[in-house]
Enquirer: 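Submitted below is the structure of interest, expressed as structure tokens.
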Amino acid sequence: MDQTLARKVNPKPRRKGNAYAVGAEDIYIFPLSESTNLFLQKVWTAFVNKMVSMTLPNGKPIFQYAIFEAIQDKNLKIVASSTHFRMKQVTDRIGLQSIDDFIRNTIPISIQDPGNLSARYLREAILSVEKKARPEVYFHSLDDERVHPNLKQLLTKTMNYAAGIPLFVKGSPIGMLWGIRRDNMSPEQEEEVRQQLYSLYDVVDFVISKEMGLKGDPYYARKNIEKSDLHSRAKHLFYTRGFGQDEPVTTIVFDSHTYQRSYRLDASFLIPSGDGYSVSLKRFEPKERNDTGKNLLLIPGFFCRRSVMDKVARELSLRHGYRVFSMDMRGRSRRTLPLFGIREGWTVDDFIQEDFPAVLNWIKENFPNEQLVVVGHSMGGMIPRFYCSAYEEIVKRKKDSSFPLPRPDELISGIVSITSPNFVRLQAQIPGLDILKMGLKLVPSKTISDFLFDLTSFSLQTTLPTVDLNKFFKFLLGLHSSLRAVSFDLHAKVVNLRDFVGYKQISPPEWYFLIEDIFCEESTKVVLQFLRSQLSQDRSFLSYDGTLDYTALQKNLQIPLFSVLGSVDKVVPSETIENDLAALPHKKNKILSYEQGHLGIVFHMPVVKEMCSEIDSWIKGLDST
């Protein structure tokens, strides 16, 4: 007998499939196209960053680790990873050696490998998506013997439980996203995670589908994914004709599973405010509004975009039922700048005397029968106070204004001022600042202020008309050096931004969010106005030309004021708020303090919830006698 015929042959195992029904084991997973893969490579860090920034409704983080397994040819490979406790280093751009090593050490696992659970889940997800349903969210104990050996060798002792969801773009799978944590989850926590991952699935599909293409921008794709609200799920997307808008407004209808309320988000209304600049408004419109007849306008502070107020905006709108407008002043985005670019920059006076009244006019025109309560954080609280108290002086100076300056008492029924000073007195540890101020006490304060103002104006004329936050602090240090007041090693004494944030419970994902989405560039003229207030010996905040003392005029404020303080705030210490505001006569005025720092008071959810409840009660009491 021929030995070759006698040799035992082991044929490949055959699957027993139903002749009609298609099962998950029948599904073929196609490799990603080259263009899709190239775009995803620039975006998939946002998937894992968003995963480790997910929180429970009480603000506690859900996952300590996140990994994304991408379809790579005929394999699945971990291509992105992030950890909750190392994201701060991501923002510093110093590299994450351990995460880089983690990714380098991962071994691609064939999609055909029977032990590849992620591939099996992707096949099941394809069946679900084909039936117009979202994929299942999977929960696993990582002690499970089914976890592939190639993955088991990467796990640490703190990686015990995982939740994952397949991700799709335009109906095709792109990979499997996993969040990993130390402790098991309760059924209630699993349901919360399930709802948030469904939201993330929708966001990834929508954003990548929209941005991927010849004109797609990976940067905006990453930012839109990272700052998405996973506590709500988008139901409908429209492009609407906004009030007097030339460009369409993006309108999204959401269901919030956290607040159990549907709402509409409009972004963004553009309002011209002078010299080619504009103001941008985002609107939160709850399906069921309260009966106060009040709209709210939220204004962010120095160096901050309106995103800093998002937690406050959602709490006031979705829990308490207000229509909320969130404001970005000029310079916060390209759409608010003149068509042909910045020429001279802008001042705090432009915020007070042009941007703010332009928004008041717009709200009055579109909602003529409703009153307004303005809620401002830091500089955002100075703007309405200073406009209202200096209104008569502003009218005299703005006779040639391109739009009318609305009387504040006809529209504004109250102002909520959160960690917002009457003048500037930083207590943050800026090297040499105290020495500089002590040395200058021998000279009349007005002379000092004018001298420093002229000096800094001259020294900055050759720079761009905007600066970023880190450069601002470095400029302060450089100013001391140029005056020979102190000497120091810049590399050893760069100011710690923790004083600016002042947030005791801040987590690395929140640091990342602050650096990447909240902090923005600011006009040098705005910086110089704050410097003048900080370095002078007067307890005052002056107009850019020095002829208008906003702090002194605040005695004219007749509108009810609710002032919220941070007892550990080093940027706006209580001495810059309490005494002056306590002297104001209105019987509806109120002062409240929380043990928080400058940004923590609008970031830490327990404080946000309590503060917004107090704001709601105060607003409801404004119309009572």
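Note that these values count all heavy atoms, side chains included, but never hydrogens, waters or copies made by symmetry. The structure presented is a predicted model; accordingly, all values stated were derived computationally and were not measured.
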Enquirer: Please check if the side chain of Arg305 supplies one atom and the backbone of Ser307 the other of a donor-acceptor pair under 3.5 Å.
Expert: no
Enquirer: Could you tell me whether Lys170 and Glu211 have a side-chain N and a carboxylate O separated by less than 4.0 Å?
Expert: no
Enquirer: Please check if the side chain of Ser317 supplies one atom and the backbone of Tyr322 the other of a donor-acceptor pair under 3.5 Å.
Expert: yes
Enquirer: Counting distance only, does the side-chain N/O of Asn290 pair as donor-acceptor with the main-chain N or O of His320 below 3.5 Å?
Expert: yes
Enquirer: Centroid separation under 6.0 Å, is that true for the rings of Phe47 and Trp178?
Expert: no
Enquirer: With respect to Arg306, which candidate in Ser326, Ser268, Ser333 satisfies the side chain to side chain donor-acceptor pair (under 3.5 Å) definition?
Expert: Ser268
Enquirer: Output yes when Asp517 and Lys227 qualify as a salt bridge under the 4.0 Å nitrogen-oxygen rule, no when they do not.
Expert: yes
Enquirer: Report yes or no: does Ser53 contribute a side-chain atom to a donor-acceptor pair with the main-chain N or O of Asn49 at less than 3.5 Å?
Expert: yes
Enquirer: Does Arg120 pair with Glu124 as a salt bridge, N-O distance under 4.0 Å?
Expert: yes
Enquirer: Treating Asn75 as the side-chain partner and Lys77 as the backbone partner, does any N or O pair qualify as donor plus acceptor under 3.5 Å?
Expert: no
Enquirer: Is the gap between the ring centers of Phe254 and His231 under 6.0 Å?
Expert: no
Enquirer: Would you please indicate yes or no on a ring centroid separation below 6.0 angstrom for Tyr161 and Phe139?
Expert: no
Enquirer: Would you say the side chain of Leu56 lies within less than 4.5 Å of the side chain of Ile62, judging by non-hydrogen atoms?
Expert: yes
Enquirer: Might you confirm whether atom CD of Glu288 has over 12 heavy atoms from other residues, nucleotides or ligands at distances under 6.0 Å?
Expert: yes
Enquirer: Under 3.5 Å, side chain of Asp113 to main-chain N/O of Ser110, donor-acceptor pair present?
Expert: no
Enquirer: Give a yes or no answer on whether the side chain of Gln64 reaches the backbone of Arg182 with a donor-acceptor pair at less than 3.5 Å.
Expert: yes
Enquirer: Are Met327 and Leu298 packed together at the side-chain level, in the sense that at least one heavy-atom pair is separated by less than 4.5 angstrom?
Expert: no
Enquirer: Tell me if the centroids of the rings in Tyr28 and Phe30 come within less than 6.0 Å of each other.
Expert: yes
Enquirer: Would you check if the side chain of Asp266 reaches a backbone N or O of Val249 as a donor-acceptor pair within less than 3.5 Å?
Expert: no
Enquirer: Is Glu247 salt-bridged to Arg241, going by a charged N under 4.0 Å from an acidic O?
Expert: no
Enquirer: Glu315 vs Arg261, test: salt bridge (Lys or Arg N to Asp or Glu O under 4.0 Å). Steps then yes/no.
Expert: CA-CA 11 Å; Glu315 187 72 11; Arg261 191 190 291 257; over 6 Å; no
Enquirer: Is the shortest side-chain N to carboxylate O distance from Asp328 to Arg335 below 4.0 Å?
Expert: no
Enquirer: Does atom CD of Gln245 have more than 12 heavy-atom neighbours from other groups under 6.0 Å away?
Expert: yes
Enquirer: Under a 4.0 Å threshold between the charged nitrogen and the carboxylate oxygen, would Glu226 count as salt-bridged to Lys50?
Expert: no
Enquirer: Taking Gln189 for the side chain and Ser186 for the main chain, is one N or O donor matched with an acceptor at less than 3.5 Å?
Expert: yes
Enquirer: Examine distances only and state if a side-chain atom of Arg323 and a backbone atom of Asn295 form a donor-acceptor pair shorter than 3.5 Å.
Expert: no
